[in-house]
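Take a look at the structure set out below.
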Amino acid sequence: MLEIGTKAPEFSLPDQNRQVHKLSDYKGQKVILYFYPADMSPGCTNQACSFRDMYPQIREKGAVVLGVNAYTVESHKKFETEQGLPFLLLSDPEKKVLQEYDVWKERSMFGKPVMGIERSTYLIDEDGVINKAFGKVKPKDNAGQMLKELR
């Protein structure tokens with residue numbers, strides 16, 4: 001995980017509607033930047049729906065939610081539509097941002113090493129500084145955990 005108190009790496013990624021977003025677009029707002037392995041898998045759907053359900057309270061606390069993985073914008077659009085997600089899903093098929101945020105890691109699948117996203121969440125403050133960093137988060141608990149961290 002990246003170090004708390006350091007500047008969060010800038011990025012420029014398309015969302016599910018093909019609009020490009022930069023971290024700097026959110027200066028003045030808190031950003032919950034969560035990295036998840038897959039669109040429409042059970043764990044990732046639990047996590048996204050928890051953020052969906054808590055999104056009004058998250059917005060009340062001045063924060064936005066941005067989900068990121070390596071899937072296509074088309075996959076993100078389907079995921080957003082099927083689950084009624086009110087936040088942006090950013091696509092990083094080249095895995096550049098995943099690597100910059102230290103979430104692209106070797107994992108074990110059926111006893112064999114594979115590269116993939118380690119489910120992780122960063123809380124970035126209004127000035128673009130990493131305030132909190134959580135690795136290996138539990139999908140259904142992550143949104144509540146982040147809501148508690150917002151001040």
Side-chain angles (χ1 to χ4, degrees), residues 1-16 19-39 41-73 75-76 79-80 85-109 111-151:
M1 300 295 299
L2 299 180
E3 209 171 305
I4 292 169
T6 61
K7 194 83 168 157
E10 179 63 270
F11 58 76
S12 181
L13 294 173
D15 69 12
Q16 66 268 36
Q19 293 182 327
V20 175
H21 296 266
K22 294 187 253 178
L23 179 60
S24 56
D25 294 341
Y26 299 93
K27 189 167 173 63
Q29 297 180 71
K30 296 172 193 151
V31 176
I32 295 171
L33 186 64
Y34 86 96
F35 296 90
Y36 65 103
D39 291 343
S41 69
C44 295
T45 298
N46 268 337
Q47 185 178 23
C49 289
S50 292
F51 276 117
R52 176 197 65 203
D53 296 345
M54 293 183 188
Y55 198 65
Q57 296 111 297
I58 290 169
R59 291 297 297 142
E60 281 175 17
K61 297 202 180 243
V64 297
V65 174
L66 302 174
V68 183
N69 76 14
Y71 279 45
T72 65
V73 294
S75 177
H76 284 349
F79 191 35
E80 172 210 29
L85 303 178
F87 52 86
L88 299 173
L89 301 174
L90 305 179
S91 179
D92 184 22
E94 295 169 5
K95 302 168 188 76
K96 183 177 180 228
V97 175
L98 300 175
Q99 290 172 13
E100 287 177 349
Y101 277 84
D102 194 29
V103 299
W104 186 250
K105 303 195 180 238
E106 187 175 287
R107 304 173 342 163
S108 179
M109 186 176 282
K112 295 184 179 176
V114 295
M115 294 301 291
I117 293 174
E118 181 179 282
R119 191 182 307 275
S120 306
T121 306
Y122 288 94
L123 177 58
I124 301 168
D125 74 12
E126 297 87 344
D127 296 316
V129 174
I130 296 170
N131 196 280
K132 300 281 180 177
F134 300 96
K136 298 183 182 177
V137 298
K138 291 186 171 51
K140 68 179 184 139
D141 300 335
N142 190 215
Q145 172 189 37
M146 297 311 294
L147 185 58
K148 287 178 191 164
E149 293 294 338
L150 294 172
R151 299 187 194 339

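Pairs engaging residues 120-151 under the ring pair (Phe, Tyr, Trp, His ring centres under 6.0 Å) rule: Y101-Y122 [sequence neighbours left out].
E118 meets the side chain to side chain donor-acceptor pair (under 3.5 Å) test with no other residue; sequence neighbours excluded. In this structure, the salt bridge (Lys or Arg N to Asp or Glu O under 4.0 Å) partners of K132, at least two apart in sequence or on a different chain, are E149. In this structure, K140 has no salt bridge (Lys or Arg N to Asp or Glu O under 4.0 Å) partners at least two apart in sequence or on a different chain. In this view, S91 and P14, V73, H76, P93 satisfy the side-chain contact (heavy atoms from CB on, under 4.5 Å) rule, not counting sequence neighbours. A search for salt bridge (Lys or Arg N to Asp or Glu O under 4.0 Å) contacts involving D15 returns nothing, not counting sequence neighbours. Under the side chain to side chain donor-acceptor pair (under 3.5 Å) criterion, Q47 pairs with R119, N142, not counting sequence neighbours. With sequence neighbours excluded, the residues satisfying side-chain contact (heavy atoms from CB on, under 4.5 Å) with D25 are H21, K22. When the side chain to side chain donor-acceptor pair (under 3.5 Å) test is applied to S41, no partner is found at least two apart in sequence or on another chain.
The shortest non-hydrogen separation linking V68 to I117 is O-CD1, 4.5 Å. Nearest heavy atoms, F79 versus A48: CZ-CB, 3.7 Å. Closest approach of M1 and G135 over heavy atoms only: SD-CA, 3.7 Å. Of all the heavy atoms in D39 and S75, the pair that sits closest is OD2-OG, 2.7 Å. The shortest heavy-atom contact between A38 and Y71 is CB-OH, 3.3 Å. Contact between P139 and G43 at its shortest, heavy atoms only, is CB-O, 3.1 Å.
Rounding to the nearest 0.5 angstrom, the gap separating the NZ atom in K148 from the CD atom in Q145 is 8.5 Å. In this structure, NZ on K136 lies 14.0 Å from OG1 on T121, to the nearest 0.5 angstrom. Atom CG of residue N131 and atom CG of residue L150 lie 9.0 Å apart, to the nearest 0.5 angstrom. Atoms CG and NZ, from N46 and K138 in turn, are 13.5 Å apart once rounded to the nearest 0.5 Å. Separation of atoms CG (L123) and CD1 (I130) is listed at 10.0 Å; rounding is to 0.5 Å.
Side-chain atoms of R107 and P37, non-hydrogen and from C-beta on, do get closer than 4.5 Å to each other. No side-chain heavy atom of E94 sits less than 4.5 Å from a side-chain heavy atom of V97. Proximity of F51 to Y36: side-chain heavy atoms (C-beta onward) are nowhere separated by under 4.5 Å.
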Atom pairs and distances, side-chain donor-acceptor, residues 6-13, under 3.5 Å, sequence neighbours left out:
| from | atom 1 | to | atom 2 | distance (Å) |
| --- | --- | --- | --- | --- |
| T6 | OG1 | E3 | O | 2.6 |
| K7 | NZ | D127 | O | 2.6 |
| E10 | OE1 | L23 | N | 2.8 |
| E10 | OE1 | S24 | N | 3.2 |
| E10 | OE2 | S24 | N | 3.3 |
| E10 | OE2 | S24 | OG | 2.8 |

Return all side-chain donor-acceptor pairs below 3.5 angstrom for residues 53-67, not counting sequence neighbours, or 'none' if the list is empty.
| from | atom 1 | to | atom 2 | distance (Å) |
| --- | --- | --- | --- | --- |
| R59 | NH1 | Q29 | OE1 | 3.3 |
| R59 | NH1 | A63 | O | 2.9 |

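Judged by distance alone, with hydrogens and angles left aside, the side-chain atoms of Q16 form a donor-acceptor pair with the main-chain N or O of L89 at under 3.5 Å. Formation of a donor-acceptor pair under 3.5 Å by the D92 side chain with backbone atoms of K96 is found in this model.
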